[in-house]
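What follows is a short report on a single structure.
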Amino acid sequence: MISKKLTSLSAIVLSVFSMSMVAQAQTSQTQSQRFKVGLDAGYTNTSLSANISNLVDSKYTSRDGFGINASVEMNVWKTLFVSTGISYMQRNYEFERTDSREGWYSKYNNDFISVPLLIGGYLINNPYTDNGVWVKVAGGIYAEYWAKMKIKGRYPVFPELQPDGSFPYTEVNETYDFSKNENQLRRMSMGLQGQVQLGYSLDKLDFYAGYSYLHGLTDTYKYKSPGNTKVVRNTYMISIGAAYKF
């Protein structure tokens with residue numbers, strides 16, 4: 001009888017000990033997941049905010065592009081995090097003449113390398129502790145470097161309308177020479193960045209879709225623009241990606 005009771009007691013103790021060890025292992029695994037590395041890519045659209053009131057029959061229009069982001073995130077407290085990374089982003093736009101000057105345009109294809117610094121939080125679920133759907137928001141600043149600009153354009157040889165009612169045009173397709181920098185462009189700039197992501201956490205993996213908005217603060221040109229108005233780039237990006245937690 002006593003031996004049976006000891007056997008039963010030993011079994012209960014071993015069961016409790018096993019459950020405790022499993023719980024500790026799960027807790028340790030959860031607590032150890034404080035970092036996340038991610039990679040996402042997608043569509044960009046950029047518009048240029050500029051004062052061109054001194055140019056008749058003129059406008060800037062937004063253009064599409066491509067972007068890719070590599071990010072590192074650290075969970076600092078409960079659902080709060082800080083993140084940084086590096087991004088390659090096409091921020092393209094077009095200048096064109098309208099009405100009687102239609103047909104005169106400049107398409108700018110721009111490559112930028114940017115580094116964001118964001119702080120944010122998870123509004124729905126915490127992927128560092130729970131599986132399932134999560135939503136996060138973040139905001140902060142970014143610094144960027146203008147790596148390359150290609151210009152494809154069509155311009156009149158003579159700026160005025162000819163007697164026969166036409167504009168003789170010439171076409172240009174070239175890469176801007178930043179070593180000469182004849183247009184006095186700023187290669188380094190900064191701005192504000194906001195981000196929203198919807199994702200799904202599955203153990204150490206996250207899959208997500210995101211929306212980012214970049215608002216430029218630095219003037220595109222080194223000289224003062226007409227009316228002392230800054231010429232800045234504003235870009236939004238829609239992307240999908242995956243991340244690994246550790």
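Being a predicted model, the structure only gives us computed values, none of them experimental. Below, each value reflects all heavy atoms present in this structure, side chains not excepted, and no hydrogens, waters or symmetry copies.
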Minimum heavy-atom separation for [X] to [Y], with atom names?
X      : Y      : value
Asn125 : Val133 : ND2-O, 2.7 Å
Val137 : Leu123 : CG1-CD1, 3.9 Å
Gly216 : Tyr142 : CA-OH, 3.5 Å
Asn110 : Tyr93  : ND2-CE2, 3.2 Å
Ala147 : Arg187 : O-NH2, 3.2 Å
Ile240 : Ala209 : CG2-CB, 4.1 Å

Under 3.5 Å, is there a donor-acceptor pair between the side chain of Thr44 and the main chain of Met237?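 Looks like no, no N/O pair under 3.5 Å.
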Check whether any side-chain N or O of Asn234 sits under 3.5 Å from a backbone N or O of His215 as a donor-acceptor pair, and report yes or no.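 No; judged by distance alone, with no hydrogens or angles, the pair does not exist.
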Going only through I, L, V, M, F, W and Y residues with side-chain contacts under 4.5 Å, is there a path from [X] to [Y]?
X      : Y      : result
Tyr60  : Val231 : yes
Val115 : Met188 : no
Val37  : Ile119 : yes
Tyr223 : Leu48  : yes
Tyr244 : Phe35  : yes

Among side-chain atoms of [X] and [Y], is any donor-acceptor pair under 3.5 angstrom?
X      : Y      : answer
Ser201 : Asp206 : yes
Asp40  : Tyr208 : yes
Tyr176 : Asn181 : yes
Ser189 : Thr218 : no
Asn69  : Ser87  : yes

When you compare the side chain of [Y] with that of [X], does any pair of heavy atoms fall below 4.5 Å?
X      : Y      : result
Thr84  : Leu118 : no
Phe112 : Tyr88  : no
Leu217 : Val232 : no

Measuring centre to centre across the rings, with the benzene-like ring taken for any Trp, is Tyr211 within less than 6.0 Å of Tyr213?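 No, too far apart.
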Verify the ring-centre separation between Tyr108 and Phe95: is it less than 6.0 angstrom?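 So the answer is no for these two rings.
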How many angstroms lie between atom [atom1] of [X] and atom [atom2] of [Y], to the nearest 0.5 angstrom?
X      : Y      : atom1 : atom2 : result
Phe66  : Tyr43  : CZ    : OH    : 13.5 Å
Asn75  : Ser83  : CG    : OG    : 12.0 Å
Lys245 : Leu202 : NZ    : CG    : 8.0 Å
Glu144 : Gln193 : CD    : CD    : 10.0 Å
Ser239 : Gln197 : OG    : CD    : 6.5 Å
Ile113 : Ile86  : CD1   : CD1   : 6.0 Å

Assess the residue pair Val76 and Val82 against the criterion (side-chain contact (heavy atoms from CB on, under 4.5 Å)); give the C-alpha distance rounded to whole Å, side-chain angles, the decisive distance to 0.1 Å, and a yes or no. CA-CA 7 Å; Val76 291; Val82 293; 4.0 Å; yes
Decide whether a cation-pi geometry holds between [X] and [Y]; the criteria are a distance under 6.0 Å from NZ or CZ to the six-membered ring centre and an angle within 45° of the ring axis.
X      : Y      : result
Lys107 : Tyr105 : yes
Lys36  : Tyr128 : yes
Arg91  : Trp146 : no

Between Glu96 and Arg154, does at least one N-O distance fall below 4.0 Å, as a salt bridge requires?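 A salt bridge is absent here (no side-chain N lies under 4.0 Å from a carboxylate O).
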Parallel, tilted or perpendicular: ring planes of Phe81 versus Tyr122, cut at 30 and 60 degrees: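 Rings of Phe81 and Tyr122: tilted, 30 to 60°.
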Looking at Lys152, Met149, Gln90, Arg63, which one forms a side chain to side chain contact (heavy atoms under 4.5 Å, CB included) with Asn109?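 So the option named by the test is Arg63.
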Heavy-atom neighbours of Glu182 CD exceed 12 at 6.0 Å: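 Check fails, neighbour count at 12 or below.
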Under the side-chain contact (heavy atoms from CB on, under 4.5 Å) rule, what do Asp64 and Asn92 come out as? Steps first, then yes or no, please. CA-CA 6 Å; Asp64 304 336; Asn92 306 326; over 6 Å; no
Show, in sequence, the C-alpha distance, side-chain angles and deciding distance for Ile68 and Met89, and conclude whether the side-chain contact (heavy atoms from CB on, under 4.5 Å) test is met. CA-CA 6 Å; Ile68 183 168; Met89 194 173 294; over 6 Å; no
